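Here is the structure we will look at, set down as structure tokens.
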Amino acid sequence: MDIVTRFAPSPTGYLHVGGLRTALYNYLYARKNKGKFILRIEDTDRTRYQEGAVENLLNSLKLMGIEYDSGPEKEDENGPYFQSKRTDLYNKEVDKLLKDGKAYRCFCTSERLGKLHEEQIKNGKDFKYDGKCRNISLEKSEERAKTEPFTIRLKVPESGQIKFKDKVRGKVKIDYSQVNDQILIKSDGFPTYHLANVVDDHYMKISHVIRGEEWLSSLPKHLLLYHYLDWKPPKFAHLPLLLNEDRSKLSKRQGDVAVKDYLNKGYLPAALLNFLVLLGWNPGDNREIFSLKQLINEFTLERINKSGSVFDIKKLDWMNGQYIRKLDDDSYFEEARKWIDVKNIKEDKLNIALKSLKPRLIKMTDIQEKLKLFTQKKFKIVNEDAKKIISMNSTKVVLKSYIQKINSTDRLTGKVFQKIMNEIQKETGVKGKNLWMPIRIALTGEMHGPELDYIVEYFGKEENIKRVRKHI
RNA sequence: GGCGCGUUAGUCUAGUGGUUAGGACGCCGGCCUCUCACGUCGGCAACACGGGUUCAACUCCCGUACGUGCUACCA
């Protein structure tokens, strides 16, 4: 069987990290099995549609490196890939259902439905449609349809139960008595998710539906639709939810959920992907760092787990740091430049500073702030300990000797600096903190920071002398 | 309320009847001729509870609790 998967978001805002993970799993499964990965836009709810949402979705996916084979801007014979452009198809199929008595027109007003719902809540009953229009004859229904507004509902068996297998959950069974006569076509003529989804998945030849757990409860409706239409249903895999820290469903309230937010904050796409793939899936051994290519190789549906996972930003931070350090220097320099705004610094000089920062970054947005240590022209020593150290007697001795020694070198590199410090230690007998800290403080004003090699080399001979002289 | 699904450390997870319950993040500590970070080494920390089944249950069954999803003319 040919493997075809799909990601089917609705254009109601930005791409959500949970959506990204769903897209990723679908993508990985398709690529792993040399199948196709499709993007379909589910825009049947005109009230929730947001301008620019589709462009945003496409753009986010692109930035994350997830490429689809068919979809918007990649239309082919199975398209169009916007549900709003496929209404004829849905109507054709629902007509069949109507004729076969598998669906029926419902003329109930939303007022009546609202009242019904209220009563059911009050009486503690199941919240279901009461079937008032269920047995209107087809002829009468056709007649009334000419003058009255209506919806079309799925005729769900009144008793019995449905059993099915989910690739993630295993065997699941649900009583039909629990399943509502779902509306298939809304009074505005547009289909609901349930109808459109099944029809599209069938005609787009989807072999595996990999989607969020929130759909598990409505799977009976979908399966029933496949059965009524005499179609072979695809395989299903319902993914565990992504959760907030308090274990509720991941939401905007408790932090960022848009993929763009994370990108803007300086998380690398590869790191975000790597982090997300591990929320609900594992390779079966202790490895944690994976490139997209490796993931394609390793991914299996069988290793997706059942329980929801908390989106732990601390681990994302760690992983992003890993990815930054893993970058080779040239790619790192190139990436870093996107995140900083510096003027009048020569490239190789800037690179020295950047390199010293590389092991210290969590997010790319950290760079600008950390770079200040190098770019600031003036500073005051505010730390009390630093003041103490800089005014010690041994400090004067060390600094004097330091100036003397760098005066007689032509180029002050990190290596030369190490040699000089060695000599100073031997000559003055000062060592450890008392030897090194004076240089650091004189150069930066701080007690903490990157390795001195880089700082010394960055400033060069003249600037070293200038800064150190002030403290003798 | 009903129904579905889930439950190994604070978090992500490995584990499929007999293990000193493994790894990762975080946290704590040692080391890395200055600091902080990186790295490295080590440490703390978990099978929700109660019944079964079995010579033996984290593992199988039932129940309870808790969490979560659905119960829309939203997806």
Side-chain angles (χ1 to χ4, degrees), chain A residues 8-12 42-45 47-48 106 108 110 113-114 117 120-121 123-128 149-153 166 168-170 172-175 177-180 182-194 196-197 211-220 238 240-241 243 245-249 275 278-289 303 305-319 321 325 356-362 370 385-386 389 418 421-422 425 431-441 446-452:
Chain A
S10 48
T12 55
E42 311 225 324
D43 55 349
T44 56
D45 185 359
T47 61
R48 293 211 310 161
C106 174
C108 294
S110 41
L113 261 18
H117 190 73
Q120 287 172 333
I121 289 178
N123 300 334
K125 280 204 188 148
D126 290 352
F127 313 138
K128 279 180 65 186
F150 63 88
T151 60
I152 298 178
R153 289 182 183 272
D166 181 89
V168 174
R169 317 269 145 196
V172 180
K173 55 182 177 187
I174 295 175
D175 287 343
S177 64
Q178 293 301 319
V179 183
N180 201 7
Q182 184 61 231
I183 290 186
L184 265 17
I185 300 280
K186 296 178 262 186
S187 56
D188 65 0
F190 275 83
T192 56
Y193 171 86
H194 308 281
N197 194 259
R211 74 217 312 189
E213 193 193 335
E214 65 267 28
W215 295 112
L216 190 62
S217 303
S218 43
L219 186 51
H238 287 89
L241 258 21
L243 311 173
E245 221 168 304
D246 66 359
R247 304 202 76 85
S248 56
K249 194 174 165 183
F275 171 69
L278 257 17
L279 255 33
W281 175 87
N282 73 81
D285 53 41
N286 287 333
R287 286 130 72 222
E288 286 200 306
I289 305 290
R303 296 211 65 89
N305 47 246
K306 299 175 173 65
S307 50
S309 20
V310 173
F311 190 98
D312 180 13
I313 196 103
K314 285 243 180 75
K315 181 130 189 186
L316 208 212
D317 281 345
W318 169 79
M319 188 155 292
R325 267 157 246 138
S356 78
L357 262 23
K358 195 175 168 187
R360 315 175 67 77
L361 301 174
I362 290 174
K370 291 190 188 292
D385 290 336
I389 291 171
Q418 286 294 334
M421 293 306 280
N422 244 319
Q425 191 198 123
K431 58 183 178 179
K433 215 171 188 170
N434 293 343
L435 172 68
W436 300 85
M437 212 35 98
I439 309 285
R440 175 177 294 284
I441 297 166
E446 299 287 337
M447 304 247 318
H448 305 308
E451 290 188 28
L452 270 171

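Quick note on labels: first sequence line is chain A, next is B, and so on, each numbered from 1. The structure presented is a predicted model; accordingly, all values stated were derived computationally and were not measured.
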Requested in this report: Could you work out the separation of G15(B) and C58(B) based on their C1' atoms and round it to a whole Å?
Outcome: 9 Å
Query raised in the report: Between C27(B) and A45(B), how far is it from one C1' atom to the other, in whole Å?
Result: 10 Å
Requested in this report: Kindly indicate, with the supporting measurements, whether the criterion salt bridge (Lys or Arg N to Asp or Glu O under 4.0 Å) is fulfilled by Lys314(A) and Asp312(A).
Outcome: CA-CA 5 Å; Lys314(A) 285 243 180 75; Asp312(A) 180 13; over 6 Å; no
Report summary line: Using Watson-Crick geometry (N1-N3 plus N6-O4 or O6-N4) or G-U wobble (N1-O2, O6-N3), each under 3.5 Å, G39(B) is paired with C31(B)
Query raised in the report: Between Ser10(A) and C74(B), is there a side-chain N or O to OP1/OP2 distance below 4.0 Å?
Result: no
Requested in this report: Confirm from the modelled atom types if Thr151(A) and C73(B) form a donor-acceptor pair under 3.5 Å, side chain to base only.
Outcome: no
Query raised in the report: Expressed as a whole number of Å, how far does the C1' atom of A37(B) sit from that of C32(B)?
Result: 13 Å
Query raised in the report: From U68(B), A24(B), U35(B), pick the nucleotide closest to the side chain of Lys315(A)?
Result: A24(B)
**Report entry** Check: Arg247(A) side chain, U68(B) base, donor-acceptor under 3.5 Å
**Finding:** no
Query - Donor/acceptor link under 3.5 angstrom from Arg325(A) side chain onto base of C38(B) - result: no
Requested in this report: Find which nucleotide of RNA chain B each of Asp175(A) and Leu241(A) is nearest to by heavy atoms, and output the residue with the more 5' nucleotide.
Outcome: Asp175(A)
Query raised in the report: Expressed in whole Å, how much space separates the P atoms belonging to C74(B) and U13(B)?
Result: 34 Å
**Report entry** Whole-angstrom distance between C55(B) and U16(B), as gauged at atom P
**Finding:** 23 Å
Query raised in the report: Expressed in whole Å, how much space separates the C1' atoms belonging to C28(B) and C34(B)?
Result: 23 Å
Query raised in the report: Within a strict 4.5 Å, meaning less than it, do heavy atoms of the Glu213(A) and Asp166(A) side chains meet?
Result: no
Requested in this report: In whole angstrom, give me the gap between the C1' atoms of C47(B) and G6(B).
Outcome: 15 Å
Requested in this report: Determine the interatomic distance between P on G1(B) and the same-named atom on U59(B); round to the nearest Å.
Outcome: 29 Å
